[in-house]
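Here the structure is laid out as structure tokens; the discussion comes afterwards.
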Number of protein chains: 2
Amino acid sequence: MTEPNTRAPEATSAGARAWHLMYEVWKASKPYLETVAAGFDLTPQQVYALRQLANERPLAMSELATTLGCDASNVTAIVDKLEARGLVKRHSADRDRRVKALVMTEAGVDLQTRIEERMEQPPPAIANLSVEDQQALCVLLERALDAL
Amino acid sequence: MTEPNTRAPEATSAGARAWHLMYEVWKASKPYLETVAAGFDLTPQQVYALRQLANERPLAMSELATTLGCDASNVTAIVDKLEARGLVKRHSADRDRRVKALVMTEAGVDLQTRIEERMEQPPPAIANLSVEDQQALCVLLERALDAL
DNA sequence: TATTGTTATACTCTATAACTATA
DNA sequence: TATAGTTATAGAGTATAACAATA
């Protein structure tokens, strides 16, 4: 326990191990997300954008960029595709006509509901855990996000 | 508890919540990984490739593709860059000259050691957790990976 | 014929910079 | 002049398909 074992795996801090493991779990689960999204003929980013729009109703392009964690220029492309599919609409805001307020169409709400149902089924890495472990994982991940 | 509350957030299963939270934590932490990698003038994928090569010494291109979870054609590009920087070398295997055995150069080992030291510092989402929580997170994530 | 790795190509995600239309 | 969104462009990551060398 007190040996100065400098480079062996046991010397790795819990934080570093958690970070590495999280990366592995994410890497294993990403294809699942892509498959689910593709099942709706969407990309993961489009799925996530729809999800955000379902929560806070009228969202500006810039706000969506923030929640997606990407540049505003990308949001233009994402919303272009969603709008072309009739899932979302851009409305010029009344009080500042530079701002585009994004609202979901009925078709968008319908699709989003189906997506949410499908997303109830998590990827194997998480689905294979016991409910108790899943709940414990939720507590830890919520704590991690709160600490930001 | 037994109410048929179909669409409220509380109706969401622990698995689905864990899946969603994991996505959020990953999204929050990805920029950190990119910043660390950029500090070594590498991309995250290149960092991960070096990491794999440090463990199992002579790795074939196809094997690296498997551990990176991507197509072999991408590995060609990744290794091209690592080789151009003198961090890795391609050796045609003796017994099957179609196979390219990848080995790290001394410069590669040196850089990888520095990267590993830097990676000891996890992103804020994980660093802000108590050591106990980090350890608990490790246990759960290991279990999730074992179940695959 | 089948397989390893490469090349060519294409699409998504990402960012930066220049542009427009408003403010 | 500053800001919201767009356009143009570029680089990284991804996949598929066609190809070379080898088996």
Side-chain angles (χ1 to χ4, degrees), chain A residues 23 26-38 40-50 52 58-85 88-103, chain B residues 23 26-38 40-50 52 58-85 88-103:
Chain A
Y23 184 52
W26 171 250
K27 195 154 63 70
S29 303
K30 199 172 68 157
Y32 179 87
L33 175 59
E34 284 162 355
T35 302
V36 169
F40 293 99
D41 202 24
L42 293 169
T43 65
Q45 278 283 64
Q46 289 166 351
V47 166
Y48 196 75
L50 278 181
Q52 294 307 308
L59 216 52
M61 299 288 283
S62 60
E63 290 170 319
L64 187 52
T66 301
T67 62
L68 290 177
C70 72
D71 192 83
S73 58
N74 305 316
V75 176
T76 297
I78 292 169
V79 171
D80 278 353
K81 281 165 204 146
L82 293 179
E83 196 170 30
R85 279 187 56 180
V88 157
K89 258 192 174 171
R90 278 181 246 231
H91 290 291
S92 280
D94 290 340
R95 48 193 201 174
D96 185 342
R97 274 155 52 204
R98 291 174 302 181
V99 176
K100 304 274 173 68
L102 301 173
V103 288
Chain B
Y23 184 52
W26 171 251
K27 193 155 62 72
S29 302
K30 201 173 66 158
Y32 179 88
L33 175 60
E34 284 162 354
T35 302
V36 169
F40 294 99
D41 201 23
L42 294 169
T43 65
Q45 279 283 62
Q46 289 167 350
V47 166
Y48 194 76
L50 278 180
Q52 293 308 307
L59 217 53
M61 299 287 285
S62 59
E63 290 170 322
L64 187 52
T66 302
T67 62
L68 290 176
C70 71
D71 192 82
S73 57
N74 304 317
V75 176
T76 296
I78 293 169
V79 172
D80 278 353
K81 281 165 204 147
L82 293 178
E83 198 171 29
R85 278 186 57 179
V88 157
K89 258 191 175 173
R90 277 181 245 232
H91 290 291
S92 279
D94 289 338
R95 47 193 202 175
D96 186 341
R97 276 154 53 205
R98 291 174 304 181
V99 175
K100 305 273 173 69
L102 300 172
V103 288

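Chain identifiers are assigned alphabetically (A, B, ...) following the order of the sequence lines, protein sequences preceding nucleic acid strands; residue numbering begins at 1 within each chain.
- The side chain of Arg90(A) sits closest to dT6(D) out of dT6(D), dA15(C), dA15(D).
- A parallel orientation is assigned to the rings of Trp26(A) and Trp26(B), their planes being inclined by less than 30° (bins at 30° and 60°).
- In the set dC13(C), dT6(C), dG5(D), the nucleotide with an atom closest to the side chain of Met61(B) is dT6(C).
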Would you tabulate the pairs of protein nitrogen or oxygen atoms and nucleotide nitrogen or oxygen atoms of nucleotides 19-23 of chain C closer than 3.5 angstrom?
from	atom 1	to	atom 2	distance (Å)
dA23(C)	OP1	Arg97(A)	N	2.9

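- The residue among Val99(A) and Lys30(A) whose nearest nucleotide of DNA chain D lies closer to the 5′ end is Val99(A).
- The 5' end of DNA chain C is approached more closely, in terms of each residue's nearest nucleotide, by Val75(B) than by the other of Gln46(A) and Val75(B).
- Contact annotation: Lys100(A) side-chain N/O to dT6(D) OP1/OP2 distance is under 4.0 Å.
- Counting any heavy atom pair closer than 4.0 Å across all strands shown, Ala60(A) reaches sugar-phosphate atoms only and no base atom.
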* **side chain to side chain contact (heavy atoms under 4.5 Å, CB included) between Leu64(B) and Ile78(B), worked out** => CA-CA 10 Å; Leu64(B) 187 52; Ile78(B) 293 169; 5.7 Å; no
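- In this entry the distance linking OH of Tyr48(B) with P of dA12(D) reads 21 Å, nearest Å.
- Taking for each of Lys81(A) and Thr76(B) the nucleotide of DNA chain C with the nearest heavy atom, the 5'-most of the two is the partner of Thr76(B).
- For Lys27(B), the NZ atom sits in a packed shell: over 12 heavy atoms of surrounding residues, nucleotides or ligands are nearer than 6.0 Å.
- Across all non-hydrogen atoms, the minimal contact from Ala37(A) to Pro44(A) is CB-N, 3.8 Å.
- Residue Ile78(A) contributes atom CD1, which lies 11 Å from atom P of dT12(C) at whole-angstrom precision.
- One can place NZ of Lys89(B) at 19 Å from P of dG5(C), the figure rounded to the nearest angstrom.
- In this structure, of dA15(C), dG13(D), dT6(C), it is dG13(D) that holds the atom nearest to the side chain of Thr43(B).
- The CG atom of Leu59(B) sits 14 Å away from the C1' atom of dG5(C) (whole-angstrom rounding).
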* Any chance you could lay out the side chain to side chain contact (heavy atoms under 4.5 Å, CB included) test for Leu42(A) and Arg85(A), step after step, and finish with the verdict? => CA-CA 10 Å; Leu42(A) 293 169; Arg85(A) 279 187 56 180; 3.2 Å; yes
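- The distance from atom CG of Asn74(A) to atom C1' of dA8(D) is 13 Å, rounded to the nearest whole Å.
- Side-chain proximity of Ser62(B) to the nucleotides dG5(C), dA15(D), dG5(D) is greatest for dG5(C).
- Whole-Å rounding puts the Leu64(A) CG to dT6(D) C1' distance at 15 Å.
- To the nearest angstrom, P of dA12(D) lies 15 Å from CG of Leu33(B).
- In terms of heavy-atom proximity, Leu68(A) sits nearest to Tyr48(A) at CD2-CD2, 3.1 Å.
- Rounded to a whole Å, the CG atom of Asp71(A) is 11 Å from the P atom of dA17(C).
- Residue Gln46(B) comes nearest to Lys81(B) through the heavy atom pair NE2-CD, 3.3 Å, listed as atom of the first residue, atom of the second, then distance.
- Side chain Ser73(A) to base dT16(C): a donor-acceptor pair is found below 3.5 Å.
- Note on Asp80(A) versus Arg90(A): salt bridge recorded, some NZ/NE/NH1/NH2 to OD/OE distance being below 4.0 Å.
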